[in-house]
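By convention in this document, chain letters (A, B, ...) are assigned in the order of the sequence lines, proteins followed by strands, and residues within each chain are numbered from 1.
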Amino acid sequence: MESKSQDFFQKVFTVARQIPIGRVTSYGAIAVYLGSAKSARIVGYAMNASHGDLTIPAHRVVNRKGLLSGKHHFEGSNLMQQLLESEGIVVKDNQVQDFDKIFWDPCKVL
DNA sequence: CCCGTGACTTCCG
DNA sequence: ACGGAAGCCACGG
């Protein structure tokens, strides 16, 4: 059987898929929702694993400051920003504008 | 089993 | 207010 740790990854993937279009969330928010607020890094690690799963909009997941911390992991150098803007999200200098307004909190919604 | 790494977050100076 | 350092958990070698 799978260990709980691996389930953590699966949860991250599930939550990421539940992110509405035009909305973004933070690694910490997902970690808190999963019950491990201190595992924010693990969420990012999980996103890295989700990189092979196109069903997971990793570009909608940013750090607590709304900064596209993971954009460097996407193809090219501005793909993540292009995806966000394509969904109606305004991005400036690798930073999401109106982050507080488009912020989607899984723990609050779910 | 131990060590290193990482798409984060928070605290201290 | 800004910058640097530590803490944290999980995965891979």
Per-nucleotide protein contact string for nucleotides 8-13 of chain B, where B marks a base within reach and S marks sugar-phosphate only (heavy atoms under 4.0 Å, - for neither): BSS---
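- Annotation: side chain of A/D53 is not in contact with side chain of A/F13 (no heavy-atom distance under 4.5 Å).
- Nearest heavy-atom pair across A/G70 and A/M80 is C-SD, 3.8 Å.
- A/L83 and A/V61 fall into different hydrophobic clusters, where Ile, Leu, Val, Met, Phe, Trp and Tyr residues are linked whenever their side-chain heavy atoms come under 4.5 Å apart, directly or through other members.
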Would A/H73 and A/M47 count as a side-chain contact (heavy atoms from CB on, under 4.5 Å) if you check the C-alpha gap in whole Å, the side-chain angles of each, and the deciding distance to 0.1 Å? CA-CA 10 Å; A/H73 287 255; A/M47 302 316 300; over 6 Å; no
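- Under the 4.5 Å side-chain heavy-atom criterion for Ile, Leu, Val, Met, Phe, Trp and Tyr, A/Y27 and A/L110 are members of the same hydrophobic cluster.
- Between A/Y45 atom OH and B/dA7 atom P there is a gap of 10 Å when expressed in whole angstrom units.
- In plain terms, the two heavy atoms of A/F8 and A/S39 that are nearest each other are CZ-CB, 3.7 Å.
- Looking at heavy-atom distances under 4.0 Å, A/S36 makes no contact with the nucleic acid at all.
- Looking at residues 82-107 of chain A, you'll see that no heavy atom sits under 4.0 Å from any atom of DNA chain B.
- Rounded to the nearest 0.5 angstrom, A/Q81 CD and A/D93 CG are separated by 8.5 Å.
- Side chain of A/R60 to main chain of A/I19: a donor-acceptor pair is present (N/O by atom type, distance under 3.5 Å, no hydrogens or angles).
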Secondary structure of DNA chain C per the Watson-Crick/G-U criterion (both distances under 3.5 Å; [ ] crossing, | other strand, . unpaired) is .||||||.|||||
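- C/dA10 atom P lies 16 Å from atom CD of A/Q10, rounded to whole Å.
- Here A/H51 lies in heavy-atom contact (under 4.0 Å) with a base.
- The same ILVMFWY cluster, assembled from side-chain heavy atoms under 4.5 Å apart, contains both A/L79 and A/L84.
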